[in-house]
There are 2 protein chains.
Amino acid sequence: MNQASSSENPALVPATGEQDRTPKTARGEKTLAKLLAAAKSEFGDRGFHQTSISDITQAAGVALGTFYVYFESKDAIFRALVRYLGAETRAHLSAAVEPAPDRLRAEIMGLEAFIEFVRAGPTLYRTIEEAQFVAPETWRGHYSVFAEAYRHNLAAAAAAGQIRPGDDEVRAWALIGANVFIGMRYGVWDQSRSASDIAAHVGDLIANGLKPGP
Amino acid sequence: MNQASSSENPALVPATGEQDRTPKTARGEKTLAKLLAAAKSEFGDRGFHQTSISDITQAAGVALGTFYVYFESKDAIFRALVRYLGAETRAHLSAAVEPAPDRLRAEIMGLEAFIEFVRAGPTLYRTIEEAQFVAPETWRGHYSVFAEAYRHNLAAAAAAGQIRPGDDEVRAWALIGANVFIGMRYGVWDQSRSASDIAAHVGDLIANGLKPGP
DNA sequence: TCTGAACTTGAAGCTTGATTCATGTTTCAA
DNA sequence: TTGAAACATGAATCAAGCTTCAAGTTCAGA
């Protein structure tokens with residue numbers, strides 16, 4: 001959770017007019033990290049509305065008042081957390097896909113990695129999705145970044161002749177949706193099928209479509 | 001909203017041990033309908049946590065206490081509403097797809113209808129998605145019913161030679177996810193592109209996949 | 001050592017809003 | 001017509017929990 005230091009996490013740099021809650025010392029940095037780690041675990045377990053700030057400070061081992069030294073509100077720490085988790089997810093997935101020789105292979109590897117990522121921390125996934133209702137702007141930002149990267153990859157692959165040309169923005173959103181729902185169904189609800197098996201079936205759909213061969 | 005009468009809406013038949021809140025007279029039936037209609041509009045506008053029971057009763061034009069004549073709690077009316085909206089959505093889409101000559105055409109018609117359905121009532125859509133966090137069992141039930149119907153349709157189409165055979169459950173979930181995200185992106189966020197154009201692009205992806213022709 | 005900024009503390013204030021309940025009013029079957 | 005069940009009312013109750021604040025403690029630099 002240390003990566004979430006003020007220098008790289010935009011959630012932690014104050015807007016003009018608000019008071020500066022950025023930690024100034026090593027001690028403060030450590031307390032902030034404890035709060036974020038506690039928020040990750042508490043929000044993940046019980047969801048935003050079921051967890052109180054006092055749950056978070058207790059899990060972090062600090063006093064209630066300390067919370068407001070670092071965050072303006074419960075919403076603020078949630079937004080900061082979602083930004084952090086979103087960046088973590090994107091980094092994980094792009095690393096998993098990096099060695100893929102072409103886009104079709106990348107789709108399969110990416111989905112398999114996503115299912116396993118979700119299985120490793122289903123509550124993390126839940127937190128990001130919950131942002132849709134608790135912090136819509138943050139959630140929208142997360143998926144917009146994701147979709148833009150996806151679109152860019154599709155366009156490059158089309159230019160390289162690896163895939164058919166098409167509307168890459170629309171295709172990116174459709175593919176992301178497919179990935180997210182597959183992750184929900186086979187990553188969170190039911191973990192009995194192997195991730196690679198699922199990924200292979202979806203990969204076949206994505207590569208060849210539904211239409212029967214001629 | 002009248003369709004939500006106790007005879008067909010399982011949300012309104014009481015579990016054993018709980019008190020019976022089913023309306024017994026025409027007046028009661030009418031009040032219940034007013035409450036559900038108000039809930040649809042209030043939850044849709046502000047979301048579950050931002051709307052109070054008193055918001056709902058005021059919108060319905062009844063006293064606060066009346067609420068508890070018909071619903072055990074705020075959660076209970078939300079669950080009832082989601083079940084109602086889910087059934088409405090499924091009915092709308094299956095009607096829209098009914099005249100399709102084959103499955104590939106049905107996919108395109110279904111997506112176009114879905115985008116237009118979402119555009120007609122984006123808040124309705126939001127309410128169903130919010131159920132993921134407010135009433136997870138209800139939400140899961142909604143998508144499970146949806147996915148099972150989808151899987152069944154795919155299996156029938158594969159048997160009829162309209163589409164390639166494959167893992168129909170996995171394909172159903174992937175396609176639902178694609179539809180949902182496309183609906184979010186082009187139905188809720190941005191309504192500038194025509195629904196039929198979007199549907200055609202996604203339809204091409206679903207029919208032919210990404211792989212370049214031989 | 002001294003000093004002020006950074007940090008910590010947790011009890012208290014305060015708002016919000018879900019739920020209850022005692023008291024009427026309406027309906028409808030007999 | 002009548003009485004019991006159904007329904008309606010809204011003030012009062014009550015708990016939860018966000019946020020503030022006044023009083024300390026720690027620490028780095030001078």
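Treat the numbers as computed from the prediction; the structure is a model and nothing was measured. We name chains A, B, ... by the order of the sequence lines, and we start the count at 1 in each one.
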Exercise for review: Please work out if B:Ser52 contacts a base, only the sugar-phosphate, or nothing of the nucleic acid, heavy-atom cut-off 4.0 Å.
Suggested key: sugar-phosphate
Practice item. Ignoring backbone atoms, test whether A:Ser73 places a side-chain nitrogen or oxygen under 4.0 Å from the OP1 or OP2 oxygen of D:dT19. Key: no
Check your understanding: How do B:Ile53 and A:Ala63 order along DNA chain C: which one's closest nucleotide is nearer the 5' end?
Key -> A:Ala63
Check your understanding: How close or far is atom C1' of C:dA18 from atom CD1 of B:Ile77, stated in whole angstroms?
Key -> 14 Å
Practice item. Rounded off to whole Å, could you give me the NE2-to-C1' distance for the B:His49 and C:dT16 pair? Key: 14 Å
**Study point:** Interatomic distance where CG belongs to A:Leu35 and P belongs to C:dT9 [whole Å]
**Key:** 10 Å
Check your understanding: Do the rings of A:Tyr143 and A:Trp139 sit parallel, tilted or perpendicular, given the 30° and 60° boundaries?
Key -> perpendicular
Check your understanding: Would you say a side-chain N or O of B:Lys24 is under 4.0 Å from OP1 or OP2 of D:dA6?
Key -> no
Practice item. Indicate yes or no: does A:Glu137 engage A:Arg79 in a salt bridge with an N to O separation below 4.0 Å. Key: no
Practice item. Rounded to the nearest angstrom, tell me the gap between atom CG in A:Leu64 and atom P in D:dG24. Key: 20 Å
Review point. Is B:Tyr68 near enough to D:dT9 that one of its side-chain N or O atoms lies under 4.0 angstrom from OP1 or OP2?
Key: no
Point to revise | For atom NZ of A:Lys30 and atom P of C:dT8, their distance in whole Å | key: 11 Å
Exercise for review: Report the residue (B:Phe67 or A:Gly65) whose heavy-atom-nearest nucleotide on DNA chain D is the more 5′ of the two.
Suggested key: B:Phe67
Check your understanding: Rounded to whole angstrom units, what separation is found between the CZ atom of A:Phe48 and the P atom of D:dG17?
Key -> 12 Å
Practice item. Take the angle between the ring planes of A:Phe146 and A:His142 and call it parallel below 30°, perpendicular above 60°, tilted in between. Key: perpendicular
Check your understanding: About how many Å separate CZ of B:Phe67 and OG1 of B:Thr57, when rounded to the nearest 0.5 Å?
Key -> 8.5 Å
Point to revise | Whole angstrom value for the distance that separates C1' of D:dG17 from CD of A:Gln58 | key: 12 Å
**Study point:** Touch class at under 4.0 angstrom, heavy-atom based, for A:Thr25 against every strand present
**Key:** sugar-phosphate
Practice item. Check every atom of C:dA6, C:dT9, D:dC7 against the side chain of A:Arg27 and return the nucleotide holding the closest atom. Key: C:dA6
**Study point:** Separation of atom CZ in B:Arg21 from atom C1' in C:dT19, rounded to whole Å
**Key:** 10 Å
Exercise for review: Please find out if less than 6.0 Å separates the ring center of B:Phe133 from that of A:Phe48.
Suggested key: no
